[in-house]
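Owing to the predicted nature of the structure, the values given are computational and were not obtained by experimental measurement. Position 1 is the first residue of the sequence; numbering continues from there.
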Amino acid sequence: MYIGSIFVALAALFWGITGAIATQLMALGWDAALVSLCRGAIGLLCFLAWLALRPQQSGLSNPQLWKWSLLAGLGVAGNFTFYFLSIAEGSIAIAATLMYCAPVFVYLVSFALKIERPTVINCGAILLVMLGIVLLTRLYDVSAGDVTATGIVTGLLAGLSYTLFIFGFKHASVHGSNQASLSISFVVMVGVMSVWSGLRTGFALPALDSQTFALLAGLGFLGAGLSFVLYFQGLKLSLPTVASIVALVEPVTATLLGYAIFAQQLKGLQIAGMVLILVTVTALTIYSNWQRTRMLRKRGIEIEPPAKEVS
């Protein structure tokens, strides 16, 4: 069994749970930006502890690590906040699925920058995802009221921000360790979100009781600290195609929790749209990884398989 796949699945499960925790906090009067700040601040403490335990080859003296980690920090700040705003304007299932559209943004940016040429396959996949978004958000029914325009836009912006984070993090990890890059990124995230949440809330904090404290602790530790450590360690030990499929655990978990805890139900066409998005994006990711592997092999570059652990 791939231990890496288990790590990725656990990370995705924790991210799905995070959406439910954030929904509960916002129902208690917490602003989405403040919830994002708390999630990032607790995550930062986890990454600093990780860095202290494993300081070897951190790359902290490399300016390139700081430059790319800064970009990743802006991406994670946007991802956290836009995701929670999308939840507040719609539902956990819709927000998580819209965020899962992130790979489509990679293609669109690649087309715009002429890094990659449009093909029948990737253009067809993008059209299918757009159709899925229409079905999921019920854009065809203006009177539906399931999700607002703000909810749709912020959900897609969460995916775009996640793309920015992954782009920055991948470049940063070349110049230093994961824990160093994540620590810098989340310092940036906490700084940005401190200002943003302060402007939105007037620097006022809601009441903090034992229940709220437990929710915040779970939000930060599961949703930022442990999940990120598991995810990036899992990527080292699993194939990209396997990881992309396993990551489906997040939107599925978010959907089930939204239904079980908050009675957030999806109609038939919405479920069809959700399935269309998830299947298409996963297939597009697998196809992209296969294309990249084939291109590298044509150049005579062999890709080392990830380490396997049997359990």
Side-chain angles (χ1 to χ4, degrees), residues 9-40 43 76 78-102 129 132-139 144-162 211-212 214-224 226-228 231 246-279 281-282:
L10 284 173
L13 175 66
F14 293 153
W15 285 331
I17 293 173
T18 298
I21 296 176
T23 302
Q24 184 62 34
L25 284 168
M26 288 185 287
L28 294 173
W30 286 67
D31 182 75
L34 184 56
V35 173
S36 301
L37 171 61
C38 293
R39 179 185 180 185
V76 77
N79 174 252
F80 282 9
T81 305
F82 289 132
Y83 177 46
F84 292 156
L85 285 172
S86 183
I87 290 175
E89 295 289 334
S91 70
I92 305 173
I94 292 176
T97 307
L98 290 176
M99 185 173 63
Y100 199 77
C101 297
V129 170
I133 291 173
V134 170
L135 295 176
L136 177 68
T137 58
R138 303 184 72 187
L139 284 175
D146 292 331
V147 59
T148 65
T150 301
I152 297 171
V153 172
T154 50
L156 295 173
L157 285 175
L160 180 60
S161 298
Y162 181 72
Q211 177 193 3
T212 307
L215 289 172
L216 288 172
L219 178 82
F221 182 68
L222 295 179
L226 181 59
S227 57
F228 274 75
Y231 181 72
V246 173
L248 284 168
V249 171
E250 179 183 0
V252 172
T253 301
T255 302
L256 293 176
L257 289 176
Y259 173 76
I261 300 176
F262 304 104
Q264 296 176 347
Q265 300 183 22
L266 296 178
K267 294 179 171 58
L269 285 178
Q270 288 182 292
I271 295 174
M274 180 181 182
V275 171
L276 183 61
I277 291 171
L278 298 181
V279 171
V281 170
T282 303

TODO: Using the side chain to side chain contact (heavy atoms under 4.5 Å, CB included) rule, take Leu37 and Leu34 through it: C-alpha gap first, then chi angles, then the decisive distance, then the call.
DONE: CA-CA 5 Å; Leu37 171 61; Leu34 184 56; 4.2 Å; yes
Task: Closest non-hydrogen atom pair between Val249 and Ala9, with its separation - done: CG1-O, 3.8 Å
TODO: Please confirm whether the backbone N or O of Val76 pairs with a side-chain atom of Ser161, one donor and one acceptor, at under 3.5 Å?
DONE: no
Task: Gln264 versus Ser91, closest heavy-atom pair with distance - done: OE1-CB, 3.3 Å
Open item on the list: Testing the basics here: between Gly43 and Ala224, what is the closest heavy-atom pair and its distance to 0.1 Å?
Closed with: CA-CB, 3.7 Å
Open item on the list: Which residue is it: Asn79, Asp31, Leu219, Leu25? I am looking for the one with a side chain to side chain contact (heavy atoms under 4.5 Å, CB included) to Phe84.
Closed with: Leu219
Open item on the list: So, taking the atom named CG in Leu215 and the one named CD1 in Ile21, what distance separates them when rounded to the nearest 0.5 Å?
Closed with: 6.5 Å
- [ ] Answer yes or no: is there a donor N or O on one side and an acceptor on the other, between the side chain of Thr81 and the main chain of Gly78, under 3.5 Å?
- [x] no
Open item on the list: With a sphere of 6.0 Å drawn around OH of Tyr259, does it hold more than 12 non-hydrogen atoms of other residues, nucleotides or ligands?
Closed with: no
Open item on the list: Just verifying a value: how many Å separate Ile17 CD1 and Ile92 CD1, rounded to the nearest 0.5 Å?
Closed with: 11.0 Å
Open item on the list: Looking at every non-hydrogen atom in both residues, tell me the closest pair between Ile87 and Ala95 and how far apart they are.
Closed with: CG1-CB, 3.6 Å
Task: Interatomic spacing from CH2 in Trp30 to CG in Leu216 - rounded to 0.5 Å - done: 4.5 Å
- [ ] Output the distance between atom CZ (Phe14) and atom CZ (Phe228), rounded to the nearest 0.5 Å.
- [x] 13.5 Å
Task: Trp15 vs Thr253 side-chain heavy atoms within contact, under 4.5 Å - done: no
- [ ] Could you tell me which non-hydrogen atom of Gly223 sits nearest to which non-hydrogen atom of Thr18, and how far apart they are?
- [x] CA-OG1, 3.0 Å
Open item on the list: Set out, in order, the CA-CA distance, both residues' side-chain angles and the distance that settles side chain to side chain contact (heavy atoms under 4.5 Å, CB included) for Thr282 and Tyr100, then state yes or no.
Closed with: CA-CA 9 Å; Thr282 303; Tyr100 199 77; 3.4 Å; yes
Task: Closest heavy-atom pair and its distance - Leu278, Pro251 - done: CD2-CG, 3.7 Å
- [ ] Examine distances only and state if a side-chain atom of Ser36 and a backbone atom of Ala32 form a donor-acceptor pair shorter than 3.5 Å.
- [x] yes
Open item on the list: Between Ile94 and Gln270, is there a side-chain heavy-atom distance shorter than 4.5 Å?
Closed with: yes
Open item on the list: So, taking the atom named CG in Leu222 and the one named CZ in Arg39, what distance separates them when rounded to the nearest 0.5 Å?
Closed with: 10.0 Å
Task: Spatial distance of atom SG (Cys101) from atom CG (Leu156) [nearest 0.5 Å] - done: 6.0 Å
- [ ] Please collect all salt bridge (charged side-chain N to carboxylate O under 4.0 Å, His left out) contacts where either partner lies in residues 14-26, sequence neighbours excluded, each pair once.
- [x] none
